[in-house]
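This report refers to the structure that appears directly beneath it.
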Number of protein chains: 2
Amino acid sequence: MQANRVIRALAALAQEHRLAAFRLLVQAGEDGIAAGTLADMLDVPPSSMSFHLAQLANAGLVTQRRASRSIIYSADYAAMNGLMGYLTENCCGGVSCFGNAAGLHSLDREPDPERKSA
Amino acid sequence: MQANRVIRALAALAQEHRLAAFRLLVQAGEDGIAAGTLADMLDVPPSSMSFHLAQLANAGLVTQRRASRSIIYSADYAAMNGLMGYLTENCCGGVSCFGNAAGLHSLDREPDPERKSA
DNA sequence: ACGATATTTATCGAATTATTGGATTAAGAG
DNA sequence: CTCTTAATCCAATAATTCGATAAATATCGT
């Protein structure tokens with residue numbers, strides 16, 4: 001059941017520090033970033049960073065490798081690719097909500113006026 | 001700050017019932033599905049369904065309209081589009097992990113053996 | 001207005017998640 | 001071997017979330 005994996009991936013990214021960390025890792029590319037460096041960049045205690053990185057790793061979104069004393073984390077593009085693929089196929093009307101609807105980005109623009117009509 | 005909205009959208013989808021509900025709503029298209037019908041489909045108590053739908057609505061992923069006694073929920077394609085856009089731009093190396101990497105979908109194919117042996 | 005249907009709200013307990021400080025493991029330098 | 005640095009593990013705490021029952025609100029047909 002891949003839905004389960006998708007849920008874990010979504011949950012992993014649905015957290016401020018983890019989303020930020022993942023973005024940095026994506027930007028960093030193959031080289032990756034050491035856990036401590038990441039903790040320093042995001043200004044969170046090492047133990048907290050470790051916790052969040054473990055969550056990302058558990059969700060399969062990042063990989064780790066040791067480089068001497070440091071542990072380098074890298075974004076797993078294939079996993080992210082898979083997540084995007086699932087969302088596109090299952091949550092975008094089957095035929096990619098991209099390209100279909102031409103360039104509307106409500107999450108970028110709308111400030112979300114009000115949800116409840118009182 | 002759209003990162004905040006993205007996080008809420010991800011969190012909203014990172015739950016079994018909500019992901020399932022959203023998938024059904026996407027499939028249903030414009031017509032949408034009534035809250036009660038959704039609760040029945042997913043076999044969760046109406047109040048629980050209402051709770052989850054509220055989460056989706058709060059994240060801006062679904063819209064609601066009243067049809068006589070029923071409240072019809074519909075997927076907000078624009079919001080989903082925005083989410084996909086953000087993920088593509090910020091979490092896929094800047095230049096769409098799709099199409100770039102040719103056709104690898106780890107979440108679809110790989111059973112990912114050593115992630116959790118449960 | 002009344003009774004029936006549909007949905008939301010309120011509330012509670014159980015479970016999960018987030019955060020932190022300190023202990024522990026691993027690797028390199030002297 | 002000891003010291004230093006890097007990262008994770010552990011335990012305790014705080015906060016959030018989930019699921020279910022019960023009460024409240026809104027709408028419809030009569």
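The shown structure was predicted, so the numbers you read here are calculated from the model rather than taken from an experiment.
- Distance from the side chain of B:R66 is smallest for D:dA26 among the nucleotides C:dA27, D:dC18, D:dA26.
- For the pair B:R69 and D:dG29, the criterion of a side-chain N or O lying under 4.0 Å from OP1 or OP2 is not met.
- A close approach under 4.0 Å does occur between a side-chain nitrogen or oxygen of B:S70 and OP1 or OP2 of C:dT7.
- Residue whose closest nucleotide on DNA chain C sits further toward the 5' end, between A:V44 and B:T37: B:T37.
- Here C:dT8 presents its P atom at 11 Å from CD1 of B:I72, a figure rounded to the nearest Å.
- Side-chain contact between A:F22 and A:H52 is absent, with no heavy-atom pair separated by less than 4.5 Å.
- Note on A:Y73: a side-chain N or O is less than 4.0 Å away from OP1 or OP2 of D:dT8.
- Using modelled atom types, one side-chain atom of B:Y77 and one backbone atom of B:V26 make a donor-acceptor pair closer than 3.5 Å.
- If you measure from atom CZ of A:F51 to atom P of D:dA15, you get 16 Å, rounded to the nearest angstrom.
- Rounded to an integer number of Å, the gap from CD1 of B:I71 to P of C:dT5 is 18 Å.
- Remark: C1' of D:dT16 and CG of B:L10 are 17 Å apart, rounded to the nearest angstrom.
- The side chain of A:P46 lies closest to D:dT8 when the candidates are D:dC18, D:dT8, C:dA27.
- B:C92 and A:M84 get closest at one heavy-atom pair: SG-CG, 4.1 Å.
- Computed from coordinates, the B:Q55 CD to C:dT9 P distance equals 12 Å when rounded to whole Å.
- Counting non-hydrogen atoms under 4.0 angstrom, B:A34 reaches the backbone sugars and phosphates but no base.
- Between B:H52 and D:dT17, a side-chain N or O to OP1/OP2 separation shorter than 4.0 Å is absent.
- A straight line from CG of A:N58 to P of D:dT8 spans 14 Å, rounded to a whole angstrom.
- For the pair A:A57 and A:Q64, the tightest heavy-atom approach, listed with the atom from each and the gap, is CB-NE2, 3.9 Å.
- Distance, B:Q15 CD to C:dA15 P: 16 Å, rounded to whole Å.
- Nearest nucleotide to the B:H17 side chain, out of C:dT7, D:dG19, C:dT19: D:dG19.
- Distances shorter than 4.0 Å separate none of the side-chain N or O atoms of A:Q64 from OP1 or OP2 on D:dA7.
- If you check every strand for non-hydrogen atoms under 4.0 Å, B:S68 touches sugar and phosphate atoms only.
- The shortest distance between the side-chain N/O atoms of B:S48 and the OP1/OP2 oxygens of D:dG19 is not below 4.0 Å.
- Shown here for A:A79 and A:G60, the closest heavy-atom pair between the two residues is CB-O, 3.1 Å.
- The two residues A:L61 and A:A9 make their nearest non-hydrogen contact at CD1-O, 3.7 Å.
- If you measure from atom CG of A:L19 to atom P of C:dA18, you get 13 Å, rounded to the nearest angstrom.
- Residue B:S47 has its side chain nearest to D:dA22 when only C:dA26, D:dA22, D:dC18 are considered.
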